[in-house]
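For the numbers below, each heavy atom of this structure counts, side chains included, while hydrogens, waters and symmetry mates do not. As the structure is a prediction and not an experimental result, all values here were calculated from the model.
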Amino acid sequence: MVTRVDLENTYEKAKAAVAAATSLQQLDQVRVEYLGKRGKITSVLKTLGRLTPEERKEIGQVANKVRQNLEGDIKEKQEELSSEEVIKRLAAESVDITLPGREHVYGRRHLISQVIKEITDIFLGLGYKVAEGPEVELDYYNFKALNTPADHPARSLQDTFYIRKAGAHPADNDIVLRTHTSPVQIRVMKSQKPPVYIIAPGRAFRRDVPDPTHSPMFHQVEGLAVDKGITFGDLKGTLEEFSRQMFGRESQVRVVARESFEAGIAEGGQQIRLRPHFFPFTEPSAEVDVRCFACGGVGCRICGSGWLEILGAGMVDPNVLIEVGYNPEEVSGFAFGMGVERIAMLLYGVPDIRMFFENDLRFVKQF
Amino acid sequence: MLVSINWLKDYIDFDLSPEELSDKLNLTGTAVESIKHLGQDLGNVWVGIILDIKPHPNADKLSLTTVRIDRPEPLEIVCGAKNIKVGDKVPVATIGAHLPNGMEIKPAKIRGVTSYGMLCSKAELGMGADHGGIYILPDDIEVGVPLTKALLLDDTVIELEVTPNRPDCLSMIGVAREVGAITERKLRRPSVDLAESSEEASAVAVVEIIDPDLCPRYSARVIRDVKIGPSPTWMQQRLEKAGMRPINNIVDITNYVMLETGQPLHAFDFNTLHGGRIVVRRAKNREHLETLDGVVRELDESMLVIADADRPVALAGIMGGGDTEVSDKTADILLESAYFNPSSIMRTSRSLGLLSEASARFEKGTDPNGTVYAADRAAAFMAEFAGGSVDEGVIDVYPKTIEPRQVPLRTDRVNAILGTDISLDEIKNILRRLELEVEVIDGTTEMWVLAPTFRPDLEREIDLIEEIARIYGYNNIRSTLPESSGKQGGLNLRQKLAESVKGRLVGAGLSEVLTYSLMDPNDIDKLQVPKGDPFRWFVRLLNPLNEELSVLRTTLLANLIKVLKYNVNREQYDVQIFEVGHTFWQESGKDMPDEEAMLGIALTGAWEQDEWYEKARSADFFDLKGAVESVLDELDISNWSVRQFTHPALHPGRSAELLIGEESVGYFGELHPNVQADFDIPRTYVAELNFNKLIDNASIQKEFSEIPKYPGIILDIAVLADDSVSNDQVLEVIKAAGKPLLKSVRLFDLYKGKGVPEDKKSMAYSMVFRATDRTLTDEEALDSRDKIVNRLSKELGAEIRA
Ligand SMILES: [Zn+2]
């Protein structure tokens with residue numbers, strides 16, 4: 001028959017065992033020893049039925065109290081131990097955060113594609129669409145419809161790649177590798193009514209032996225706007241907006257010297273300068289210089305004069321409009337063209353145009 | 001066109017510096033290529049006369065000269081050149097001179113003899129590349145004066161880039177007119193004061209034009225008793241500044257007047273012209289002419305010649321003939337001043353590969369009404385500087401006068417095109433500055449403009465608008481943006497899809513390259529491409545730069561392989577690249593070649609690098625296929641499949657054709673080992689897919705589909721099958737047998753080796769079963785699996801372990 005003292009002694013032992021436990025596992029053993037199905041305290045409670053009502057009341061009260069106390073002790077100890085274990089586990093799990101991350105390897109778009117995208121995005125924002133066309137073109141689209149006379153030097157075998165026609169007499173040479181993307185303009189105008197607002201990025205070919213500044217293949221972006229009331233002022237404004245976005249602070253193109261371009265403008269300088277020039281398919285025509293973004297227009301090793309020649313442009317010649325079936329008394333238009341490689345070379349300091357087509361991955365992945 | 005500023009000032013007054021003038025010319029359409037200040041670095045260079053030439057005591061190749069300049073004592077100068085003689089006038093650089101070629105003159109002992117200066121060549125003076133020896137100066141030059149003064153070198157020469165539409169600017173008077181328009185000053189045309197003799201030119205010479213379409217006008221003068229000799233120094237100097245070599249007084253005068261007026265002239269030795277006749281006619285086929293450059297040229301009837309009574313004596317407008325050339329013995333001159341059809345001159349000049357200062361002007365269009373003025377001007381010079389006597393009258397054959405063109409111009413139109421508000425008065429002012437006559441139609445702002453014949457480019461209203469714009473100043477036109485409501489910018493769907501595919505490939509680890517659209521046809525041999533294969537349907541260039549770029553690419557493979565090789569050869573061993581570009585082919589019987597946008601991929605080297613957490617892994621067929629699948633996924637194409645593909649360029653066991661539905665859209669696989677060996681590259685995987693067809697098949701309609709409401713049951717099976725059984729075959733059976741409860745199936749393990757018979761493999765699949773309207777019971781799922789197992793064993797002879 002257990003006495004109150006026995007119970008209290010048991011509790012004291014249990015309490016000591018709880019305090020001595022150093023792990024959740026040990027603590028659980030203590031719990032089982034005293035409070036498990038056959039635990040020392042549980043078994044006392046199980047024998048209560050055999051006692052007299054008075055004994056049952058007294059011992060029962062003590063036993064229950066002891067159980068409650070012990071449960072409280074265990075719970076307390078459990079919390080203490082588990083937080084210690086978490087700390088230990090976390091310590092064991094720590095990593096060297098300076099090890100390189102597992103990164104998926106990405107490739108790169110070619111620099112020319114990136115520059116074309118930059119240019120394209122600007123004109124998309126100005127309300128233009130992108131038009132494309134074949135690289136092998138009829139002389140008609142490449143030259144004739146663009147008001148280029150039959151004896152124009154650009155049409156010579158020295159300057160333009162001609163396709164050897166299967167079996168035809170050499171005199172019938174009327175298929176060329178397009179020398180600019182302007183034939184796309186003709187194709188677009190012939191296929192739709194005005195208004196037309198397009199740019200035509202793409203490959204073009206000239207019969208140049210490759211050297212640091214020449215390549216038989218290069219990329220161009222041509223633009224065309226034909227609508228009622230288009231003016232030379234609109235051409236200027238459009239090219240100014242383009243150059244501000246392309247070469248100014250908002251450009252994604254990563255060029256350190258950009259600030260000087262902005263500074264040059266801020267001092268009241270023009271962003272662009274137009275010089276009259278001659279192209280067969282535009283009149284009036286202009287060569288367009290952009291304020292040098294390396295020096296801001298004071299003159300440097302890259303630009304010499306403070307200006308960089310970037311574009312050719314002009315009002316679409318009435319002969320071209322007539323050729324595509326538009327009425328030059330009703331609509332007018334402007335057109336412009338720029339060499340993508342040249343712009344990329346100037347912006348990024350690429351020294352040799354041939355690098356674009358060698359595709360050394362150490363070059364491709366720089367940008 | 002090289003323009004001496006001093007010479008230009010003969011015709012126009014302006015007080016701009018050469019730099020200021022150049023800026024203005026640049027901004028009005030005459031590009032200035034260079035500005036060269038002459039006479040710089042020619043301090044301490046004098047005109048000297050050679051008094052004595054002795055052999056150098058210690059050196060065979062040197063001589064010791066005594067030269068007098070403007071000093072009391074003559075100078076002793078050692079000289080190596082042989083083209084000097086006593087009495088020659090030569091440039092002498094004295095101690096202290098800093099020559100343009102960087103040379104500094106100091107007293108120097110040359111082989112034991114002290115030399116107190118240097119006799120100079122043209123090259124040493126920065127006056128050209130003439131290395132023929134010491135520059136022998138003209139005889140009439142004053143000894144002792146500074147060379148810059150003697151040679152009128154206190155001058156600046158600007159080089160103009162004259163656009164092909166402005167032949168009038170190929171003359172000093174034309175440039176002066178342009179400068180006058182810019183600076184609002186009046187041009188001074190030199191007046192000609194010509195004293196004629198009483199003998200009539202038409203009495204001794206006859207001009208006949210047989211082909212007036214090619215030669216609308218021929219004017220000629222006869223000048224007698226000329227004495228051939230050097231032209232005056234000032235004229236020689238002006239020719240030199242314009243880049244022409246002085247020859248003799250007669251030739252120099254024709255060149256000088258051409259430079260001045262833009263009208264090319266030709267002087268015949270009149271006494272060599274048979275019959276005193278000039279006949280302007282087409283050449284006969286296989287007629288020959290020896291031109292002034294000593295070349296005998298075979299002519300044909302497309303070419304225009306100047307003939308005498310018997311034979312051709314000049315290639316009209318391009319070059320004179322040797323037989324009738326002015327020589328030291330020439331006494332009488334027939335001076336030609338003609339207007340030729342520009343395109344005829346251009347064609348002949350091109351077909352003979354013969355360019356001259358004259359043809360360059362004729363082919364762009366000279367002034368048909370300027371022939372007599374130029375002839376008179378030259379004749380007057382011949383009288384003055386060659387002692388000639390000018391016969392009375394110009395023989396002038398001009399069957400149909402070419403009148404100045406009347407061009408209509410509307411003020412409103414000017415402003416509508418330019419976006420300006422230029423007044424009628426301002427327009428009139430600008431046009432008159434350009435020497436265009438303006439006649440305003442009463443009560444309107446419209447006008448007739450008379451375009452002079454020296455401006456063949458002014459034919460249409462728009463040509464006049466351009467003139468107004470450039471003189472008004474492009475940079476004075478206010479900038480605006482088009483105000484249209486008709487602008488709807490943006491990429492179209494195909495363009496967006498194309499961009500997203502390229503972005504996805506970049507995301508998959510591939511870098512974009514751009515290669516020439518041209519290729520080397522020999523690379524097709526290296527690809528083991530058989531005869532007749534479409535890869536050989538070359539589009540050939542008529543005029544390639546070289547064999548390597550002589551055909552348009554029929555495949556992207558060759559150029560991609562070359563990029564890969566280029567990198568591998570430079571220690572870039574891991575190459576994962578793609579290109580989207582056109583390929584081209586020529587179908588026989590078709591005129592126009594075809595072209596198509598293709599996507600090419602090439603992989604070699606490590607796909608995964610050695611990392612601290614895993615070992616490196618080389619790219620293989622399935623990395624390639626993964627890249628292809630990523631494209632299909634980007635475009636949401638699901639109805640694709642692959643089948644075995646055979647091409648001599650590819651490894652027969654590791655290549656596949658990609659089909660979308662029934663349509664082939666390309667192939668991918670490992671390059672054949674022989675091809676790898678031929679190109680000398682490591683193991684390489686390539687793909688070439690039809691980019692347009694891929695985009696055609698993009699599925700752009702996406703719709704929400706219900707997220708499963710009831711849980712599914714996942715069951716795995718392992719299929720032990722013959723090696724020849726493909727994953728696709730297994731999947732097909734599983735999917736067919738699993739209907740309708742099987743929702744998805746995925747291969748998650750593939751095993752060959754221990755525990756699996758030699759010619760078999762074990763493929764483990766994970767399957768998800770689910771019903772859409774209730775929670776599936778285990779029995780239902782197991783039942784479905786049993787059906788699958790039965791079908792697999794029946795149809796593929798496979799053994800299944802559940
Ligand atoms: Zn600069």
Exercise for review: Evaluate whether atom CD of B:Glu483 has more than 12 neighbouring non-hydrogen atoms of other residues, nucleotides or ligands under 6.0 angstrom away.
Suggested key: no
Review point. Can you check whether B:Ile577 reaches A:Asn359 side chain to side chain, under 4.5 Å on heavy atoms?
Key: no
Review point. Taking every heavy-atom pair that is under 4.5 Å apart, which of B:Asn492, B:Thr163, B:Leu418, B:Thr30 has the most such pairs with chain A?
Key: B:Leu418
Point to revise | chain B contact via A:Pro100 - which portion, at a heavy-atom distance below 4.5 Å | key: both
Exercise for review: Give a yes or no on whether the backbone of B:Ser511 and the side-chain of A:Lys365 come within a donor-acceptor separation of less than 3.5 Å.
Suggested key: no
Revision key, fill the gap. Most heavy-atom pairs under 4.5 Å with chain B, out of A:Arg275, A:Gln158, A:Lys228, A:Arg362, belong to A:Arg362
Study note, to complete from the structure: Honestly, the part of B:Arg347 sitting under 4.5 Å from a heavy atom of chain A is neither
Check your understanding: Considering all heavy atoms of both residues, which atom of B:Gln572 and which atom of A:Leu361 are nearest to each other, and what is their separation?
Key -> OE1-CB, 4.2 Å
Check your understanding: Has the side chain of A:Glu240 got a donor or acceptor atom that lies under 3.5 Å from a matching backbone atom of B:Ser479?
Key -> no
Study note, to complete from the structure: Honestly, the part of B:Asn567 sitting under 4.5 Å from a heavy atom of chain A is side chain
Point to revise | Region of B:Asp457 that comes under 4.5 Å of a non-hydrogen atom in chain A | key: neither
Check your understanding: So, does A:Lys129 use its side chain to make a donor-acceptor pair with the main chain of B:Gln488 at under 3.5 Å?
Key -> yes
Review point. Once you round to the nearest 0.5 Å, how far does CD of A:Glu358 lie from NZ of B:Lys562?
Key: 13.5 Å
Check your understanding: With chain A, which of B:Arg460, B:Arg540, B:Gln586 has the greatest number of heavy-atom pairs at distances under 4.5 Å?
Key -> B:Arg460
Review point. Are A:Arg102 and B:Tyr613 in a cation-pi setup, meaning NZ or CZ lies under 6.0 angstrom from the ring centre and within 45 degrees of the ring axis?
Key: yes
Revision key, fill the gap. Residue from B:Asn26, B:Ile465, B:Asn165 scoring the most non-hydrogen pairs under 4.5 Å with chain A is B:Asn165
Point to revise | Neighbour count >12 (heavy atoms, 6.0 Å) for atom NZ, B:Lys565 | key: yes
Review point. Do you know which of B:Ala597, B:Pro593, B:Gly419, B:Gly507 has the most heavy-atom pairs with chain A at a distance under 4.5 angstrom?
Key: B:Gly507
Point to revise | Per-residue contacts, residues 329-336 of chain A versus chain B, heavy atoms under 4.5 Å | key: A:Glu329, A:Ser332, A:Phe334
Exercise for review: Please flag which part of B:Ala469 lies under 4.5 Å from any non-hydrogen atom of chain A: side chain, backbone, both or neither.
Suggested key: side chain
Exercise for review: Check each atom of B:Glu161 against the heavy atoms of chain A and say whether the ones under 4.5 Å are side chain, backbone, both or neither.
Suggested key: side chain
Revision key, fill the gap. Of A:Leu138, A:Leu126, A:Ile230, A:Asn319, the largest count of non-hydrogen pairs under 4.5 angstrom with chain B goes to A:Asn319
Exercise for review: Please name the pair of heavy atoms, one in B:Glu512 and one in A:Ser113, separated by the smallest distance, quoted to 0.1 Å.
Suggested key: OE1-OG, 2.7 Å
Review point. Looking at B:Ser517 and A:Glu135, what are the two nearest heavy atoms and their distance?
Key: OG-OE1, 2.7 Å
Practice item. Below 4.5 Å from any heavy atom of chain A, which atoms of B:Leu552 appear? Answer side chain, backbone, both or neither. Key: side chain
**Study point:** Region of B:Arg350 in contact with chain A, defined by heavy-atom distances below 4.5 Å
**Key:** side chain
Point to revise | Interface moiety of A:Pro280 toward chain B, non-hydrogen atoms closer than 4.5 Å | key: neither
Check your understanding: Taking all non-hydrogen atoms of both residues, which atom of B:Leu514 and which atom of A:His110 are closest, and how far apart?
Key -> CD1-ND1, 3.4 Å
Review point. Given a strict heavy-atom distance threshold of 4.5 Å, which part of A:Phe205 is in contact with chain B: side chain, backbone, both, or neither?
Key: side chain
Exercise for review: Could you tell me whether the side chain of B:Tyr474 and the main chain of A:Arg273 form a donor-acceptor pair under 3.5 Å?
Suggested key: no
Exercise for review: Could you note down all residue pairs passing salt bridge (Lys or Arg N to Asp or Glu O under 4.0 Å) where residues 568-581 of chain B supplies at least one of them, sequence neighbours left out?
Suggested key: A:Arg203-B:Glu579, B:Arg553-B:Glu579
Exercise for review: Measure A:His104 against the heavy atoms of chain B and call it side chain, backbone, both or neither at under 4.5 Å.
Suggested key: side chain
Point to revise | Minimum side-chain heavy-atom gap A:Pro328-B:Arg413 below 4.5 Å | key: yes
**Study point:** Heavy-atom pair count under 4.5 Å with chain B, highest-scoring of A:Asp360, A:Ile175, A:Asp227, A:Thr238
**Key:** A:Asp360
Practice item. Could you tell me whether A:Lys117 and B:Glu499 have a side-chain N and a carboxylate O separated by less than 4.0 Å? Key: no
Practice item. Give, as side chain, backbone, both or neither, the part of B:Ala508 having an atom under 4.5 angstrom from any heavy atom of chain A. Key: backbone
Review point. Given that the side chain runs from C-beta out, which part of B:Arg470 has a heavy atom under 4.5 Å from chain A: side chain, backbone, both or neither?
Key: both
**Study point:** Heavy-atom pairs under 4.5 Å with chain A, option from B:Arg478, B:Gln576, B:Lys502 with the top count
**Key:** B:Lys502
Practice item. Identify which part of A:Pro194 has an atom lying under 4.5 Å from any heavy atom of chain B, answering side chain, backbone, both or neither. Key: neither
**Study point:** Proximal component of B:Arg410, with respect to chain A [non-hydrogen, under 4.5 Å]
**Key:** side chain
Study note, to complete from the structure: When every non-hydrogen atom of B:Tyr516 is compared with those of A:Pro216, the smallest separation belongs to OH-CD, 3.7 Å
Review point. Counting heavy-atom pairs under 4.5 Å to chain B, which of A:Thr120, A:Val130, A:Val105, A:Ile112 comes out on top?
Key: A:Val130
Practice item. Kindly compute the distance separating CG (B:Leu542) from CD1 (A:Ile163), expressed to the nearest 0.5 Å. Key: 9.0 Å
Review point. By a 4.5 Å heavy-atom criterion (distance strictly below it), what part of A:Thr160 contacts chain B: side chain, backbone, both, or neither?
Key: backbone
**Study point:** Check: A:Tyr197 main-chain N/O paired with B:Lys487 side-chain donor or acceptor under 3.5 Å
**Key:** no
Study note, to complete from the structure: Counting heavy-atom pairs under 4.5 Å with chain A, the top scorer among B:Val539, B:Leu27, B:Val551 is B:Leu27
Exercise for review: Counting only heavy atoms closer than 4.5 Å, note whether B:Leu505 contacts chain A via side chain, backbone, both or neither.
Suggested key: neither
Study note, to complete from the structure: Checked A:Ile198, A:Leu111, A:Val176, A:Leu177 vs chain B; the most non-hydrogen pairs under 4.5 Å come from A:Leu177
**Study point:** Side chain, backbone, both or neither of B:Leu510 within contact of chain A (heavy atoms, under 4.5 Å)
**Key:** backbone
Revision key, fill the gap. Closest heavy-atom pair, A:Pro134 versus B:Glu595, reported as atoms and distance to 0.1 Å, is CB-OE2, 3.1 Å
Check your understanding: Side chain, backbone, both or neither: which part of A:Val136 has an atom under 4.5 Å from a heavy atom of chain B?
Key -> both
Practice item. Examine whether an atom of A:Met315 lies under 4.5 Å from a heavy atom of chain B, and if so say whether it belongs to the side chain, the backbone or both; otherwise answer neither. Key: side chain
Review point. When only pairs under 4.5 Å are counted, which of A:Ser285, A:Ala286, A:Gly229 shares the most heavy-atom pairs with chain B?
Key: A:Ser285
Review point. Can you tell me if B:Asn543 uses its side chain to pair, donor with acceptor, with the backbone of A:Leu157 under 3.5 Å?
Key: yes
